Q: 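Mind looking over this structure? Questions follow.
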Amino acid sequence: YKEENIPLVSAGCCNLVKHIENAKKFGVEVVVAINQFKTDTDAEMDAVRQASLAAGAFDAVVSNHWAEGGKGAEALGRAVVAACEASNVENFKFLYDLDLPIRTKVETISKEIYGADGVDFSELAERQMEQYERSGFGNLPRELFSFLSFLSCWEH
């Protein structure tokens, strides 16, 4: 796009809003990096910033590091430092109790992060979850279970 189109930019912010909501579920401050390219207008950047702040972001900062290197990301870096200083480490939380079964973790991630109404596990995914738990890997970080959830979707 080479011409200003604020309604289109605003409509595209729905995905950004969901990402902010998801990150906030972990109890962390969110800083949005607004990548500015040469055809982006100030009004478009402001539309993204306002949508980010309205969704609960700690800050949303224009960054044009692609054109200016480190100098172009300096304000973004300051915003991240401010968010870290404003954060309370005790507010961090997982989406689930780490001692829950893998199945429950995958279901929680699928519902809370991806908006699923449920999860259908393939027979292979069921066997793999049982094997992981028997092997003592049931309390690994959520990233593994997101990956397992992704794999089970491809089994259908």
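The structure displayed is predicted, hence computed values, not measured ones. For the single chain, residues carry numbers from 1 onward in sequence order.
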Q: Can you give me the closest heavy-atom contact between K111 and G118, atom names plus distance?
A: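 For K111 versus G118, the nearest heavy atoms are CE-CA, 4.1 Å.
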Q: Take F121 and V106, measure what side chain to side chain contact (heavy atoms under 4.5 Å, CB included) needs, and give me the verdict at the end.
A: CA-CA 10 Å; F121 294 95; V106 171; 3.7 Å; yes
Q: Under the rule for side chain to side chain donor-acceptor pair (under 3.5 Å), what residues qualify as partners of E4, not counting sequence neighbours?
A: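 Partners of E4 by the side chain to side chain donor-acceptor pair (under 3.5 Å) criterion, ordered by chain and then number, come out as T41.
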Q: Would you give the length of the straight line joining atom NE2 of H19 to atom CG of L16, rounded to the nearest 0.5 angstrom?
A: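 It comes to 8.0 Å.
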Q: Output the distance between atom OG (S122) and atom CD (E126), rounded to the nearest 0.5 Å.
A: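 Between atom OG of S122 and atom CD of E126 there are 7.5 Å.
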Q: In the single-linkage hydrophobic clustering (I, L, V, M, F, W, Y; side-chain heavy atoms under 4.5 Å), do V119 and I102 co-cluster?
A: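 V119 and I102: one cluster.
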Q: Set out, in order, the CA-CA distance, both residues' side-chain angles and the distance that settles salt bridge (Lys or Arg N to Asp or Glu O under 4.0 Å) for R103 and E107, then state yes or no.
A: CA-CA 6 Å; R103 169 186 271 284; E107 289 170 341; 3.2 Å; yes
Q: If you group Ile, Leu, Val, Met, Phe, Trp and Tyr by side-chain heavy-atom gaps below 4.5 Å, do I20 and M45 land in one group?
A: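 Looking at the clustering, M45 is in the same group as I20.
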Q: Are V30 and I34 linked, directly or through other ILVMFWY residues, by side chains that come within less than 4.5 angstrom of each other?
A: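 Yes, it is one cluster - the side chains of V30 and I34 are joined through contacts under 4.5 Å.
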Q: Do E29 and C84 have side-chain heavy atoms sitting under 4.5 Å apart?
A: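 Heavy-atom side-chain distance check fails, nothing below 4.5 Å.
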Q: How many angstroms lie between atom NZ of K93 and atom CZ of F26, to the nearest 0.5 angstrom?
A: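 With rounding to 0.5 Å, NZ (K93) is 10.0 Å from CZ (F26).
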Q: Quick one: CG on L95 to CG on L100, what's the gap to the nearest 0.5 Å?
A: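 Going from CG on L95 over to CG on L100, the span is 11.5 Å.
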Q: Do D40 and Q36 get their side chains close enough for a donor-acceptor pair, meaning under 3.5 Å?
A: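 No, no side-chain donor-acceptor contact under 3.5 Å.
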Q: Taking atom CG of N88 as the centre, does the number of heavy atoms from other residues, nucleotides or ligands within less than 6.0 Å exceed 12?
A: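 Counting other residues, nucleotides and ligands, CG of N88 exceeds 12 neighbours.
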Q: Parallel, tilted or perpendicular: which one describes the rings of F94 and Y96, with boundaries at 30° and 60°?
A: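 Ring orientation of F94 relative to Y96: parallel.
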Q: May I have the step-by-step check of side chain to side chain contact (heavy atoms under 4.5 Å, CB included) for N35 and H65, ending in yes or no?
A: CA-CA 8 Å; N35 295 321; H65 52 282; 3.2 Å; yes
Q: Distance check, rounded to the nearest 0.5 Å: F58 atom CZ versus S52 atom OG?
A: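 Separation between the atoms: 14.0 Å.
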Q: Could you walk me through whether K38 and W66 pass the side chain to side chain contact (heavy atoms under 4.5 Å, CB included) check?
A: CA-CA 10 Å; K38 64 182 180 179; W66 66 273; 4.2 Å; yes
Q: What distance do L8 atom CG and E44 atom CD have between them, rounded to the nearest 0.5 Å?
A: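 These two atoms lie 8.5 Å from each other.
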Q: Transitively linked via ILVMFWY side-chain contacts under 4.5 Å: V17 with V48?
A: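 No, V17 and V48 fall in different hydrophobic clusters.
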Q: Which heavy atom in D59 sits nearest to a heavy atom in R49, and how many Å separate them?
A: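 Heavy atoms of D59 and R49 come nearest at OD1-NH1, 2.8 Å.
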Q: Examine V32 and V80 and state if one hydrophobic cluster contains both, with Ile, Leu, Val, Met, Phe, Trp and Tyr joined whenever side-chain heavy atoms are less than 4.5 Å apart.
A: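 In one cluster with V32: V80, no.
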Q: E21 vs K25, test: salt bridge (Lys or Arg N to Asp or Glu O under 4.0 Å). Steps then yes/no.
A: CA-CA 7 Å; E21 290 171 0; K25 290 177 182 182; over 6 Å; no
